[in-house]
Chemist: 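What follows is a structure written as structure tokens; I'll ask about it next.
Atom set for the values below is all heavy atoms of this structure, side chains included, hydrogens, waters and symmetry mates excluded. For reference, positions follow the sequence shown, starting with 1. On a predicted model such as this, the values are computed, not experimentally measured, just so you know.
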Amino acid sequence: MQVAVVTFDGFNELDSFIASALINRCRKDGLEAFITTPTPQVTSMNGVEVTGQRPLEFMAEADVVLIGSGIRTRDVVADDQLVSRLTLDPARQLIGSQCSGALVLSRLGLLGSMPACTDNTSRPFVEASGVTVLDAPFHSEGNIATAGGCLASQYLATWVITRTLGEEAARAVLDYVAPVGENQESVERALRTVRSGEAAALR
């Protein structure tokens, strides 16, 4: 199973790297994430230059697609040529967005009436696109999930691992990366947040 972590120019390092690093701890179980970029190299909001592992067209074949955030996401959704390269299939793929990545899902018409999570800076722009924004770090409905706040990327990764490999695999990854002495608390918080975000859609 392959995961495209879509990473645009001006990206937020926490969004792309935390999700991909957590997911890649499941390589031995057949789940692998790749930094997926529209150009061979992209530069983060803090000047970190990264070479993409897969081109943007990889999105179409990936089993999971996570749309990262950044300071230029509004430029991305305004670029019709770039948007035309974003091929997604919610019937087949798990699709998630991080912070301003919700703007991309909205632009592609994937949110419909579904509320979304995003960061506080992006909130007014996501709302202006007609999407209701939740005061929550994670929300999912079916095969689509959104996360809000840089460190909520752990919840997006937890959702992906749980949906593809099961809760025990997610527990193992979370336990490994948790701050020493806070393992159980960290694991349970992440799983509880994902469960809560899924349950909210059923209420």
Chemist: Looking at T164 and V160, would you say the former's side chain and the latter's main chain have a donor-acceptor pair under 3.5 Å?
Modeler: yes

Chemist: Work out which heavy atom in N120 is nearest to a heavy atom in P124; give both atom names and the distance.
Modeler: O-CD, 3.6 Å

Chemist: For W159 and I95, work out which heavy atoms get closest and say how close.
Modeler: CH2-O, 3.8 Å

Chemist: Same cluster or not: L88 versus V6, using hydrophobic residues (I, L, V, M, F, W, Y) connected whenever any side-chain heavy atoms lie under 4.5 Å apart?
Modeler: yes

Chemist: Any side-chain heavy atom of D75 within less than 4.5 Å of one from D9?
Modeler: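 Heavy-atom side-chain distance check fails, nothing below 4.5 Å.
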
Chemist: I'd like to know if the side chain of T146 and the backbone of C117 have a donor-acceptor N/O pair within less than 3.5 Å.
Modeler: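 Side chain of T146 to backbone of C117: a pair is present.
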
Chemist: Would you indicate whether R74, at its atom CZ, is surrounded by more than 12 heavy atoms from other residues, nucleotides or ligands within a distance under 6.0 Å?
Modeler: no

Chemist: State whether the side chain of S153 and the backbone N or O of C150 hold a donor-acceptor pair below 3.5 Å, judged by distance alone.
Modeler: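 Looks like yes, one N/O pair under 3.5 Å.
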
Chemist: Quick check: do I23 and L66 have side-chain heavy atoms less than 4.5 Å from each other?
Modeler: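 Side-chain contact under 4.5 Å: yes.
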
Chemist: What do the steps show when you test R163 against N143 for side-chain hydrogen bond (donor to acceptor under 3.5 Å, both in side chains), and what is the final call?
Modeler: CA-CA 9 Å; R163 285 288 303 269; N143 286 347; 2.7 Å; yes

Chemist: Does Q98 reach the main-chain N or O of G148 with its side chain, forming a donor-acceptor pair under 3.5 Å?
Modeler: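 Between the backbone of G148 and the side chain of Q98 there is no qualifying donor-acceptor contact (under 3.5 Å).
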
Chemist: Check whether V104 and V83 end up in the same hydrophobic cluster, where Ile, Leu, Val, Met, Phe, Trp and Tyr are linked by side-chain heavy atoms less than 4.5 Å apart.
Modeler: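 Looking at the clustering, V83 is in the same group as V104.
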
Chemist: Look only at the side chain of R27 and the backbone of E32, and say whether a donor-acceptor pair between them is shorter than 3.5 Å.
Modeler: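 No, the answer is negative, given that no donor and acceptor are paired below the 3.5 Å cut-off.
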
Chemist: Please check if any side-chain donor atom of N46 sits under 3.5 Å from a side-chain acceptor atom of E13, or the reverse.
Modeler: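 Looking only at side-chain atoms, E13 and N46 do form a donor-acceptor pair, the distance falling under 3.5 Å.
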
Chemist: Name the residue from L105, T132, V126, L103 that meets the side chain to side chain contact (heavy atoms under 4.5 Å, CB included) definition with L111.
Modeler: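 It is L105; the other options fail the test.
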
Chemist: Check whether any side-chain heavy atom of Q93 lies under 4.5 Å from a side-chain heavy atom of D63, and answer yes or no.
Modeler: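 Contact flag for Q93/D63 side chains = no.
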
Chemist: Is a side-chain N or O of Q53 found less than 3.5 angstrom from the main chain of I35, in a donor-acceptor match?
Modeler: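 The answer is yes, because a donor-acceptor pair under 3.5 Å joins these two groups.
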
Chemist: Any donor and acceptor pair, going by atom type alone, linking the side chain of R123 with main-chain N or O of V133 inside 3.5 Å?
Modeler: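 Yes.
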
Chemist: Can you name the closest pair of heavy atoms from E198 and S140 and give their distance?
Modeler: CG-OG, 3.0 Å

Chemist: Hydrophobic cluster membership, with links at side-chain heavy-atom distances under 4.5 Å among I/L/V/M/F/W/Y: are M45 and F17 in one?
Modeler: no

Chemist: Check this for me: Q184, atom CD, are more than 12 non-hydrogen atoms of other residues, nucleotides or ligands nearer than 6.0 Å?
Modeler: no

Chemist: Are I144 and V3 joined in one hydrophobic group, where the rule is that I, L, V, M, F, W and Y side chains link up if heavy atoms are under 4.5 Å apart?
Modeler: no

Chemist: Any donor and acceptor pair, going by atom type alone, linking the side chain of S186 with main-chain N or O of E182 inside 3.5 Å?
Modeler: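 Indeed, once roles are kept as given, a pair shorter than 3.5 Å links the two residues.
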
Chemist: Is the backbone N or O of T158 less than 3.5 Å from a side-chain atom of T162, with the two atoms forming a donor-acceptor pair by type?
Modeler: yes

Chemist: Flag yes if more than 12 heavy atoms outside D175 fall under 6.0 Å of its CG atom; otherwise flag no.
Modeler: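 Atom CG in D175 is packed in, count exceeds 12.
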
Chemist: Give the cluster check for L191 versus L151: same hydrophobic cluster or not, with ILVMFWY residues linked at side-chain heavy-atom distances below 4.5 Å.
Modeler: no

Chemist: Between S16 and T7, is there a side-chain donor-acceptor contact under 3.5 Å, judged purely by atom types and distance?
Modeler: yes

Chemist: Could you tell me whether a side-chain N or O of T36 sits under 3.5 Å from a main-chain N or O of A4, the two making a donor and an acceptor?
Modeler: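 No.
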
Chemist: Please report the closest heavy-atom contact between S20 and V5, naming both atoms and the distance.
Modeler: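 So the two residues come closest at CB-CG2, 4.0 Å.
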
